[in-house]
Amino acid sequence: MADIYQLFNVFILSISPIVECRGSIPYGIVTGIDLPTVLLVTLIGNCMPVPFLLLFLKFAEGWVMRRADSNLLKRLFVRYVESLRRRTGEQVKKYGFLGLVLFVAVPVPGTGAWTSSVVAYLFGMEWKRSLVAILVGVVCAVTIVTAFILAIGIVL
């Protein structure tokens with residue numbers, strides 16, 4: 001049985017932007033937590049911020065955009081948004097729901113639940129549809145990461 005500290009670490013890694021399941025699954029397996037527990041904690045942690053992000057982004061964007069053009073936070077936000085639109089615009093516009101699922105499912109840096117929540121907001125996707133697409137994508141990403149980790153032999 002895993003101790004609470006290890007489970008907490010898996011949860012924190014899975015809920016963290018950028019790291020998400022790409023870090024929490026290998027960490028959990030290497031520390032000796034049984035695979036079903038690692039997957040459950042990872043899924044919960046990775047999916048938990050999505051509804052809040054989808055609801056909060058409108059308010060956050062309004063707050064940031066009210067800042068002066070010289071504001072560092074505003075400049076970083078605008079650059080990030082423009083980069084996301086360039087990288088994901090064609091895929092999301094062309095494939096919609098499936099495009100968002102695929103964007104989340106590919107477990108590489110710069111994709112995942114956090115980024116996809118921003119993408120869904122930026123392209124005006126319906127809240128419920130975005131939520132389902134992102135959750136399906138997270139399940140796919142967790143499956144891919146788990147298969148990869150098992151294939152390279154990290155498991156005991």
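Only this structure's heavy atoms are used, side chains among them; waters, hydrogens and symmetry mates stay out.
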side-chain contact (heavy atoms from CB on, under 4.5 Å) between E82 and V78, intermediate numbers included:
CA-CA 6 Å; E82 288 173 357; V78 169; 3.4 Å; yes
Using side-chain contact (heavy atoms from CB on, under 4.5 Å), reason through R75 and L72 one step at a time and then give a plain yes or no.
CA-CA 5 Å; R75 289 194 325 251; L72 177 63; 3.5 Å; yes
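I144 and P107 get closest at one heavy-atom pair: CG2-CG, 3.6 Å. Residues S130 and M125 approach most closely at OG-CB, 3.2 Å, considering heavy atoms. In terms of heavy-atom proximity, L100 sits nearest to A120 at CD2-CB, 3.8 Å. The minimum heavy-atom distance linking V50 with S117 is given by the pair CG1-OG, 3.9 Å. Here the closest heavy-atom approach between residue G112 and residue S116 is recorded as O-OG, 2.7 Å. Closest heavy-atom contact between K74 and M65: NZ-O, 3.3 Å.
Side-chain heavy atoms closer than 4.5 Å link hydrophobic residues (I, L, V, M, F, W, Y) into clusters, and following such links, even through other members, never connects V132 to L43. By the criterion of side-chain heavy atoms lying less than 4.5 angstrom apart, applied directly or through intervening Ile, Leu, Val, Met, Phe, Trp or Tyr residues, V118 is grouped together with M48 in one hydrophobic cluster. Note: the hydrophobic cluster containing I12 does not contain I4 (ILVMFWY, side chain heavy atoms under 4.5 Å, direct or indirect links). Each of F56 and L135 belongs to its own hydrophobic cluster when Ile, Leu, Val, Met, Phe, Trp and Tyr are linked at side-chain heavy-atom distances under 4.5 angstrom. Put simply, L122 and L73 are part of the same group of oily side chains (I, L, V, M, F, W, Y) that touch within less than 4.5 Å, one to the next.
Between the side chains of Q6 and Y27, no donor-acceptor pair is found at a separation under 3.5 Å.
Atom SG of C47 and atom CD1 of I15 lie 10.5 Å apart (nearest 0.5 Å). Rounded to the nearest 0.5 angstrom, F97 CZ and L102 CG are separated by 10.0 Å. The CG atom of N46 lies 9.5 Å from the OG atom of S16; values are rounded to the nearest 0.5 Å. Taking CD1 of I29 as the reference point, atom OG1 of T146 lies at 6.0 Å (rounded to 0.5 Å). If you take CD1 on I18 and CG on L13, they are separated by 12.5 Å, rounding to the nearest 0.5 Å. Atom CG of L54 sits about 11.0 Å away from atom CD of E126, to the nearest 0.5 Å.
In this structure the side chain of N71 never reaches within 4.5 angstrom of the side chain of V64, judged on heavy atoms. You'll find the side chain of V108 reaches within 4.5 Å of the side chain of T111, heavy atoms only. For the pair L39/I25, a side-chain contact is recorded, criterion being any heavy-atom separation below 4.5 Å from C-beta on. Proximity of D3 to L7: side-chain heavy atoms (C-beta onward) are nowhere separated by under 4.5 Å. Considering only heavy atoms from C-beta on, W114 stays 4.5 Å or farther from V119 through its side chain. Annotation: side chain of Y121 is not in contact with side chain of L53 (no heavy-atom distance under 4.5 Å).
F8 CZ: 12 or fewer foreign heavy atoms inside a 6.0 Å radius.
Side chain of S14 to backbone of F11: a donor-acceptor contact under 3.5 angstrom is found. Between the side chain of R66 and the backbone N or O of G62 there is at least one donor-acceptor pair closer than 3.5 Å. The backbone N or O of R79 sits nowhere less than 3.5 Å from a side-chain atom of S83 that would complete a donor-acceptor pair.
Exactly one residue among V104, T42, V101 makes a side-chain contact (heavy atoms from CB on, under 4.5 Å) with V138. That residue is V104.
Judged by the 6.0 Å and 45° rule, R67 forms a cation-pi pair with W63.
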